[in-house]
Amino acid sequence: MTQLAATSPSILPPAFFARHALVVARQLLGKYLVIPREDEQLALRIQETEAYIGAHDLACHGRFGVTPRTAVLFGPPGHWYVYFTYGMYWMLNTVTGRDGTASGVLIRGAGPHSGPGRLTRALAIDSRFNGQPIAATTGMWIEDRGEPVRRSRIRRTPRIGVDYAGHWKEKPYRFLLDDDCLGRRAAMHSRVK
DNA sequence: GCAGTGATCATA
DNA sequence: ATGATCACTGCC
């Protein structure tokens, strides 16, 4: 099993997130969500994201201004924004862009987990991460493991579950990575080399 | 197609 | 205090 990485894993710094949400959403594809688990740490390849680009984006939580819930989203980039919805599910987001703007990226799928509610349920992610830095000291971070993502592997669609957002519901702000040899596809076909 | 589930926010 | 809404999921 060759584990020879071209570059050593690097933890994404705050500067990574201090860019437009659309850039961050695209760039997060193929990165690894990492969480310590018992003796080992879990690293899941991010394969689906959505960008929410500011208070003017009628799909974005920030559209009603700063509230107790959205304060984190309006805050500095490089922090987790984790909120509870539908009485059951935690949504995992990164805060992006400039401090004072409501922009973020929802992580909708990583590793074998598809769907933002299933992802957080599987990883036991909840409010304890809300407002925390995206850093190793927090206990949940994102790594670049040096795997390039080909442009042709990326699909864009409108965002899910934002029918209330007027014309913003049609914006292609959802990003999906079609895995080639990693993850679900390989597992599903379970081919022998 | 639609029920479940409860925090959040506006309104009062 | 009340009521509508909701960046979802699972079952019909």
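Letters go in sequence order (proteins before strands), and every chain restarts at 1. Note that the coordinates shown come from a computational prediction; the quantities given were computed from them, not determined experimentally.
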message = Can you tell me which nucleotide in C:dC6, B:dC9, C:dT9 comes closest to the side chain of A:Pro68?
response = B:dC9
ask   = Taking the side chain from A:Thr96 and the backbone from A:Ser103, do they hold a donor-acceptor pair closer than 3.5 Å?
value = yes
ask   = Contact class for A:Ile160 vs. all strands (heavy atom < 4.0 Å): base, sugar-phosphate, or nothing?
value = sugar-phosphate
task = Describe the nucleic acid contact of A:Gly87 in one word from base, sugar-phosphate, nothing, applying a heavy-atom distance below 4.0 Å.
result = base
Give every pair of a protein N or O atom and an N or O atom of nucleotides 10-12 of chain C that lie under 3.5 Å apart, one pair per line with the distance.
{"from": "C:dG10", "atom 1": "OP1", "to": "A:Arg121", "atom 2": "NH2", "distance (Å)": "3.1"}
{"from": "C:dG10", "atom 1": "OP2", "to": "A:Arg118", "atom 2": "NE", "distance (Å)": "2.7"}
{"from": "C:dG10", "atom 1": "OP2", "to": "A:Arg118", "atom 2": "NH2", "distance (Å)": "2.5"}

ask   = Nearest-Å distance, CE (A:Met91) to P (C:dC8)?
value = 6 Å
request  = Without swapping roles, check the side chain of A:Arg159 against the backbone of A:Ala51 for a donor-acceptor pair under 3.5 Å.
outcome  = yes
inquiry  = With a 4.0 Å limit, can you tell me whether A:Thr67 has a side-chain N or O closer than that to the phosphate oxygens OP1/OP2 of B:dC9?
reply    = yes
query = Has A:Arg37 got more than 12 heavy atoms of other residues, nucleotides or ligands less than 6.0 Å from its CZ?
reply = yes
key: Phosphate-side-chain proximity, A:Tyr86 and B:dA3, N/O vs OP1/OP2 below 4.0 Å   = no
Please table the atom pairs, donor to acceptor, closer than 3.5 Å between any side-chain atom in residues 166-175 of chain A and protein atoms at least two apart or in another chain.
{"from": "A:Arg174", "atom 1": "NE", "to": "A:Glu48", "atom 2": "OE2", "distance (Å)": "2.8"}
{"from": "A:Arg174", "atom 1": "NH1", "to": "A:Thr157", "atom 2": "OG1", "distance (Å)": "3.2"}
{"from": "A:Arg174", "atom 1": "NH2", "to": "A:Glu48", "atom 2": "OE2", "distance (Å)": "3.0"}

query = Counting distance only, does the side-chain N/O of A:Thr70 pair as donor-acceptor with the main-chain N or O of A:Gly65 below 3.5 Å?
reply = yes
ask   = Is the A:His79 to A:Phe17 ring centre distance short of 6.0 Å?
value = no
note = The dot-bracket string of DNA chain B, counting Watson-Crick and G-U wobble pairs with both distances under 3.5 Å, using [ ] for crossing pairs and | for pairs to another strand, is ||||.||||||.
message = Over all strands shown, is A:Arg159 touching base, sugar-phosphate only, or nothing at heavy-atom distances under 4.0 angstrom?
response = nothing
